[in-house]
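What follows is one structure encoded as structure tokens, with my remarks underneath.
Residue numbers start at 1 and run along the sequence shown.
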Amino acid sequence: MMRWRKLILSVIRFALVAIAILFTTSVYAQGVEPRWFAIKTIHVKMAALDPAFEGYKIVQLTELHARSAYMNSAELEKVARLANQQQPDLIALTGDYITKDASKSEAMLANAFSQLKAKDGVVAIMGNHDRGEDSTPIERALAAGKIKLLNNAVYSIDRQGHLLNIAGVDDVWFQRANLPKTIAQLPNTGANILLAHEPDFGDFAAASYRFELQLSGHSHGGQIVLPFAPRVTPPWAKKYVNGLYQIGVMQLYVSPGVGTTGPPKARFNCRPEISVIVLHHL
């Protein structure tokens with residue numbers, strides 16, 4: 001009887017400890033990490049980059065998911081404030097500004113977009129959540145913030161007669177990306193960067209041999225990252241999930257983004273990120 005009693009007490013203690021750990025982890029993953037923004041600096045060398053652009057700083061924001069989980073007006077303003085603090089030359093928004101109900105998010109997005117400040121302005125592309133319904137409210141919010149929307153288009157930045165070309169394709173998931181049309185608009189000179197919401201599109205972009213860097217989001221970095229377990233990511237984010245990759249002659253950076261979707265509406269071991277891309281002449 002004594003042995004059984006000790007065994008039962010040990011099992012109870014173990015269960016209580018396990019419950020306490022699970023509860024603490026849940027509180028952290030749902031209440032702490034989603035609001036604990038990381039500022040990550042990524043240095044990228046580009047052979048075609050003119051020395052006039054040495055140290056050029058692009059702040060990438062992606063996966064805002066306004067009104068989803070924790071991304072209210074205050075959090076959006078915080079994201080804008082943190083982005084501006086990096087003193088960027090350019091801010092690049094790579095899609096998924098909402099999860100659903102674009103019209104309900106228009107005002108808060110317009111307010112946040114209008115606060116973004118960069119020397120050469122702000123450019124944007126659309127994501128799959130944006131194109132999954134009527135995206136007119138998002139387009140109006142971007143316009144209110146004086147943000148240039150690159151729907152299969154190119155925005156060129158001039159420094160002393162040298163160009164840095166920022167190209168953007170429309171959403172891949174909904175088959176709105178037109179890479180040939182976008183490439184046709186690239187100037188004959190300058191370094192070329194592509195914005196594409198879905199990272200696995202990088203295989204197609206790299207095969208064109210026209211870009212040295214692609215910036216993407218979509219994956220959320222897996223959002224819940226457990227030791228020895230594969231990251232769960234959506235289609236078009238299965239191959240390239242998080243961080244910097246080399247695809248032939250092109251580099252790809254996949255940001256885990258700043259927002260959170262669900263279920264589960266949580267982040268664990270995958271902090272929301274404001275990505276600071278610093279360009280260097282190779």
Side-chain angles (χ1 to χ4, degrees), residues 40-50 53 56-63 90 92-96 123-128 150-157 163-223 225 230-257 270 273 275-282:
K40 184 175 180 180
T41 301
I42 305 96
H43 295 275
V44 176
K45 295 182 178 180
M46 301 173 61
L49 188 75
D50 190 88
F53 288 97
Y56 194 88
K57 188 183 294 183
I58 302 173
V59 167
Q60 180 193 3
L61 299 177
T62 193
E63 319 312 305
L90 183 77
L93 309 178
T94 51
D96 275 5
V123 295
I125 57 172
M126 290 293 198
N128 60 295
L150 301 178
N151 287 334
N152 303 310
V154 177
Y155 174 67
S156 295
I157 300 152
L163 297 179
L164 175 61
N165 305 307
I166 312 296
V169 290
D170 207 335
D171 184 63
V172 175
W173 187 309
F174 285 95
Q175 301 180 354
R176 299 184 62 142
N178 190 330
L179 189 60
K181 177 184 176 181
T182 306
I183 289 175
Q185 299 171 63
L186 286 170
N188 294 325
T189 62
N192 301 328
I193 295 174
L194 179 67
L195 309 181
H197 179 69
E198 289 87 351
D200 289 359
F201 188 73
D203 286 336
F204 298 93
S208 74
Y209 293 96
R210 294 304 307 274
F211 303 98
E212 288 190 82
L213 175 65
Q214 175 179 312
L215 301 180
S216 297
H218 186 55
S219 71
H220 287 234
Q223 210 166 272
V225 179
R231 302 191 189 205
V232 178
T233 54
W236 287 100
K238 298 295 185 183
K239 190 173 183 180
Y240 307 111
V241 176
N242 191 12
L244 190 62
Y245 299 86
Q246 186 76 43
I247 313 174
V249 298
M250 187 188 82
Q251 296 176 82
L252 162 66
Y253 187 72
V254 185
S255 172
C270 187
E273 177 183 300
S275 309
V276 183
I277 316 295
V278 182
L279 306 182
H280 300 283
H281 172 70
L282 182 60

Side chains of L164 and L90, heavy atoms from C-beta outward: is any pair under 4.5 Å?
no

Please examine the side chains of N242 and V225, heavy atoms only from C-beta on, and report whether any two atoms are closer than 4.5 Å.
no

Reported CG-to-CZ distance for the pair L163 and F53, which is rounded to 0.5 angstrom
6.5 Å

Rounded to the nearest 0.5 angstrom, the CG-NE2 distance for L279 and H43 is 10.5 Å

About how many Å separate CG of N165 and CD1 of I183, when rounded to the nearest 0.5 Å?
12.5 Å

Side chain proximity check, Y56 to L49, heavy atoms < 4.5 angstrom:
no

Closest approach of V241 and G222, non-hydrogen atoms and distance?
CG1-N, 4.4 Å

To the nearest 0.5 angstrom, please state how far the CH2 atom of W173 sits from the CG atom of D96.
9.5 Å

Within this structure, what is the CG-CG distance for the pair L194 and L186, rounded to the nearest 0.5 Å?
9.0 Å

E63 (side chain) donor-acceptor with H218 (main chain) under 3.5 angstrom:
yes

Atom of I125, atom of G168 and distance for their closest heavy-atom approach:
CG2-CA, 3.7 Å

Just wondering, are more than 12 heavy atoms of other shown residues or ligands nearer than 6.0 Å to CZ in F204?
no

For Y253 and Q60, work out which heavy atoms get closest and say how close.
CD2-OE1, 3.7 Å

Around atom CD of Q246, are there more than 12 heavy atoms from other residues, nucleotides or ligands closer than 6.0 Å?
yes

Is there a donor-acceptor pair under 3.5 Å between the side chain of N152 and the backbone N or O of R176?
yes

Do L195 and I166 come within less than 4.5 Å of each other through their side chains, counting heavy atoms only?
yes

So how far is it from N151 CG to D171 CG, rounded to the nearest 0.5 Å?
10.0 Å

For residues P199 and Y240, report the shortest heavy-atom separation together with the two atoms involved.
CG-O, 3.3 Å

Main-chain N/O of V169 paired with H197 side-chain donor or acceptor, under 3.5 Å
no

For the student: nearest non-hydrogen atoms of M250 and A205, plus distance:
SD-CB, 3.9 Å

Quick check: are there more than 12 heavy atoms from other residues, nucleotides or ligands sitting under 6.0 Å from CZ of F174?
yes

Looking only at heavy atoms, the pair that brings S275 and S255 closest together is OG-OG, 2.9 Å

N/O donor-acceptor pair under 3.5 Å between E212 side chain and A191 backbone:
no

Would the number of heavy atoms belonging to other residues, nucleotides or ligands and lying under 6.0 Å from NZ of K45 be above 12?
no

Is the number of heavy atoms from other residues, nucleotides or ligands within 6.0 Å of NZ (K57) greater than 12?
yes

